[in-house]
Every structure is written in structure tokens, then in C-alpha cells.
Amino acid sequence: MYNFGTLSIPMTIVFDTSKEVSGYCAEYCFRFVADSGCSITLPSGVKKTAGSMPVYITGRSYEFDIVDNLCVIV
């Protein structure tokens, strides 16, 4: 679980697949507080439960939980 703190810049997420172990789920998690200018780009192939990325509201916390390319955003 990564905590990016307050995020005010665009961020592209990259998975370190070299640490994945065959037979186990690949899980990636991170959280941040949105500031103006915040945006997140996920790797292609990641499916989001809502179908699209949220509109970030300054001062609100967001958490992304991604397991086997299925992403839940709260």
C-alpha cells in the first residue's frame, strides 16, 4: 500500500511485475488526497468498477485497490 500524500500533479501508475509470484493474485494499492492538478493514469487493461476514472475533488481522500487488473476506487 503506497501513500502518495497530497497529489497535485498527474501521476502514471506502473506495476512492478518482476515481484509477482505465479499462482498468487497480483495486488497493487495506493491512496492520496486530491489537490488541483491531480490525475491518475492506470496501466492499459485495468478495469475500473465504475467504468471510468472519478472526478477528483480537492481535499478528498481516494484509495485504489487493484487485484488481477480489477480496480475498486473509493
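Throughout, residue positions are numbered sequentially from 1 according to the sequence presented. Being a predicted model, the structure only gives us computed values, none of them experimental.
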- Message: Is any side-chain heavy atom of Glu20 closer than 4.5 Å to one of Tyr28?
- Response: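 Of all side-chain heavy-atom pairs linking Glu20 with Tyr28, at least one is under 4.5 Å.
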- Are Ile73 and Ile57 connected, step by step, through hydrophobic side chains (Ile, Leu, Val, Met, Phe, Trp, Tyr) whose heavy atoms are closer than 4.5 Å?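 In one cluster with Ile73: Ile57, yes.
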- Inter- and intrachain pairs under ring-ring contact (aromatic ring centres under 6.0 Å, His included), touching residues 33-53, at least two apart: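 Those involving residues 33-53 do not exist here.
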Anything under 3.5 Å between a donor and an acceptor, one on a side chain of residues 2-17, the other on a protein residue two or more places apart or in another chain? List them.
residue, atom, partner, partner atom, Å
Asn3, OD1, Gly5, N, 2.9
Asp16, OD1, Ser18, N, 3.2
Asp16, OD1, Ser18, OG, 2.5

Side chains of residues 31-42: which donor-acceptor pairs under 3.5 Å do they make with residues two or more places apart or in other chains?
residue, atom, partner, partner atom, Å
Arg31, NE, Glu63, OE1, 3.4
Arg31, NH2, Glu63, OE1, 2.4

- Can you see which heavy atom on Ile66 is nearest to which on Val46, and at what distance?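 Heavy-atom minimum between the residues: CG2-CG1, 4.3 Å.
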- Query: Rounded to the nearest 0.5 Å, how far does CE of Met53 lie from OH of Tyr62?
  - Reply: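 Answer rounded to 0.5 Å: 11.0 Å.
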- Message: Once rounded to the nearest 0.5 Å, what's the spacing between atom CG of Leu70 and atom OG1 of Thr49?
- Response: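 If we round to the nearest 0.5 Å, Leu70:CG and Thr49:OG1 are 9.5 Å apart.
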